[in-house]
Amino acid sequence: MSFEFTKENLEKIEALKSRYPSPKALSLPCLWMAQYQERYISLEAIETIGDLIDLPPMEIYRVATFYTMFNLEPVGKYHIQLCKTLSCALCGKAEMLNHLKNRLGLSPGESSSDGAFTLTQVECLGSCGTAPVMQINDQYYENLTPEKIDIILDSLEEGS
Amino acid sequence: MSQIDIVIDNMTFTAEKGSLLIDLLIKHDLKVPYFCYHEALGADGNCRMCMVEIEGQKRPQIACDTLIKEEMVVRTKGENIDGVRRDILELELINHPIDCPVCDQAGECKLQDFYMDYGLYESNIKQSDKVHHRKHIDLGSSVILDQERCVLCARCTRFTSDITKTHELGIIGRGDHACVSTMPGKKLDNPYAMNIVDLCPVGALTSKDFRFQQRVWFLTSSPSICHGCAKGCNIFIDHNREKYKDETIYRFRPRENQQVNGFFICDEGRLSYKKLQDNRQLDMILNGKSCEEAEALEAYRNLLEAGSGKIVILADANLYTEELEMIQIYAQKLGATLSSPMVSDLDDAFADEWLKSSQRASNAKAIEKLGIMTDLPDEKIALLINFNHPNTVSIDAERVISFRTNQQKEPADLILPLAVFSESSGTLTNEDGIEQYCPKVITRNDPAPTVIEWMIRCQEEVE
């Protein structure tokens with residue numbers, strides 16, 4: 001397997017390079033681009049980024065493992081990230097998790113066999129005022145109830 | 001840079017302005033605990049153990065990242081600073097396993113030392129609450145990683161990124177889950193990798209070769225010089241004589257010498273201690289049968305006197321200068337040609353630009369200085385006396401006397417055992433012309449004579 005940035009992303013990287021004294025500053029933007037492009041960051045992507053910005057792959061890998069929002073394993077088309085931190089936990093996260101588990105047949109950390117859904121629990125999403133909260137890909141879904149989750153998942157399943 | 005005076009623990013020291021405080025503390029043996037600092041790797045400031053109090057500063061400062069300034073007043077001792085160190089040590093030890101009874105580092109472990117110096121607290125952590133990591137990871141290059149024992153000082157990762165520039169190691173993850181690792185599917189692969197075992201202040205990195213072989217407090221460390229190549233790296237030979245057993249070498253460790261090898265040695269040199277005890281020539285062999293010394297010396301004299309003809313003496317370029325000089329005098333006395341053919345010793349595959357020289361003979365420079373020829377005479381050889389030179393295959397001689405440290409296949413009429421470098425003493429001249437004295441370290445129960453001892457015994461018989 002090999003990884004190549006799209007032409008568009010390569011242009012973005014070139015444009016970003018002019019902003020910093022050294023291309024080495026670009027490991028985070030490059031990791032984001034790789035993740036958006038492939039939904040996860042493969043080792044091949046890390047090697048490619050290393051070549052592009054003149055850093056050893058280990059340095060990129062260290063950064064990628066440090067941040068939990070980088071996925072180093074493939075995730076489904078819809079990555080459901082349920083907040084498990086205090087406010088959400090107090091406002092019914094356990095119930096939401098149970099509902100998601102039953103509805104999708106997945107435990108946290110698992111992906112559905114058709115590759116549509118991945119369920120994970122994450123630390124505070126910073127939206128405590130609207131707890132419980134989940135994030136699907138880049139979209140926040142707030143003030144969750146089991147019924148609301150059903151509606152969201154139904155619409156996603158229709159869409160896919 | 002100017003020299004200035006600063007006060008440490010009510011004593012005045014002179015130091016260079018702008019140099020690191022920790023270097024001064026180490027230089028004057030002022031006790032300061034540290035994991036991450038290393039003179040070869042520089043300051044990293046991540047372990048926070050080297051806290052000192054500096055007058056005028058609100059909080060304790062780390063000595064490894066503090067530059068020496070005028071009118072500095074430093075305290076390294078006292079209830080306050082000991083308390084700070086104890087608290088930091090407690091953090092380092094939160095998830096440390098209680099492995100000491102089976103850990104190879106025990107006895108030379110900084111965690112143990114600092115716990116005895118500054119810790120001695122009752123643990124607040126239950127054994128069952130500790131975060132677990134992987135315990136037996138073969139990193140490659142004979143290095144084993146135990147992630148639980150690691151204090152994340154990053155010395156090993158800085159060695160691979162700053163010194164060897166091979167970048168195999170890094171600290172991955174964060175918080176409790178942070179650990180040293182290679183890239184998935186990659187191995188530690190460089191010819192200096194085992195230096196990280198010495199660099200590791202705790203038992204996280206251990207040598208596959210040394211693991212479980214010996215407790216370090218039984219070992220005696222004696223200074224010596226590696227004979228692996230003409231670089232002449234300074235080493236410690238760690239050896240021990242167990243009850244009822246013979247003196248045994250367990251490992252080589254690098255010894256600091258800024259003129260020659262800095263702080264490190266190559267892995268091949270490190271493991272070359274095996275040659276000093278494996279497959280040794282121990283018996284005197286006359287015509288294929290072992291014999292007593294009197295018999296051997298008589299045979300030696302007979303071989304020397306059995307008819308005239310060309311005598312050639314071969315000398316190994318790993319012998320000490322004193323031994324070579326003695327052989328040279330002996331050769332003159334016999335009217336023999338002394339040679340030390342070099343061609344077989346050049347090894348470009350081994351060489352690199354740092355500590356590994358293509359000249360594999362450790363004392364080749366002395367051969368050059370003494371003017372010993374390095375090719376063979378074309379004439380027919382009647383008697384060949386070989387002092388451990390490895391290259392005898394192509395030489396055709398009527399009679400052969402061979403002094404050997406290790407067993408070899410080449411036939412000889414008389415084989416006499418010879419002491420290896422650790423069992424003898426003398427001077428080596430390295431490839432840069434630096435003369436280094438190498439003392440005798442090992443005394444075996446049944447010692448093989450050195451070149452000089454043989455020369456004396458043989459000549460007594462001749463006269």
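No experiment lies behind these values; they were computed from the predicted model shown. Letters go in sequence order (proteins before strands), and every chain restarts at 1.
Environment of CD in A:E73: sparse, with no more than 12 heavy atoms of neighbouring residues, nucleotides or ligands closer than 6.0 Å. By the 6.0 Å contact criterion, NZ on B:K208 is open, its count of non-hydrogen atoms from other residues, nucleotides or ligands being 12 or less. Surrounding NZ of B:K135 are more than 12 heavy atoms belonging to other residues, nucleotides or ligands, all under 6.0 Å away. For A:E8, the CD atom counts as loosely surrounded, since its 6.0 Å shell holds 12 or fewer non-hydrogen atoms of other residues, nucleotides or ligands. For A:K84, the NZ atom counts as densely surrounded, since its 6.0 Å shell holds more than 12 non-hydrogen atoms of other residues, nucleotides or ligands. Within 6.0 Å of CD in A:E4 there are 12 or fewer heavy atoms belonging to other residues, nucleotides or ligands.
Atom CZ in A:R62 sits 5.5 Å away from atom OG1 in B:T157 (nearest 0.5 Å).
For chain A, no part of B:T160 is nearby; none of its heavy atoms comes within less than 4.5 Å. Contacts between B:T166 and chain A at a heavy-atom distance below 4.5 Å are absent for every atom of the residue.
B:I172 approaches A:M58 most closely through the heavy-atom pair CG2-CE, 3.6 Å. Across every non-hydrogen atom of B:P184 and A:Y61, the tightest pair is CG-OH, 3.3 Å.
Side-chain contact between A:T65 and B:H177: absent, with no pair of heavy atoms (C-beta onward) separated by less than 4.5 Å. Proximity of B:M183 to A:I46: side-chain heavy atoms (C-beta onward) are separated by under 4.5 Å at one or more points.
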Could you go through B:K186 and A:E47, starting from their C-alpha distance and side-chain angles, then the distance that decides it, and tell me whether this counts as salt bridge (Lys or Arg N to Asp or Glu O under 4.0 Å)? CA-CA 12 Å; B:K186 296 273 172 65; A:E47 304 258 348; 3.0 Å; yes
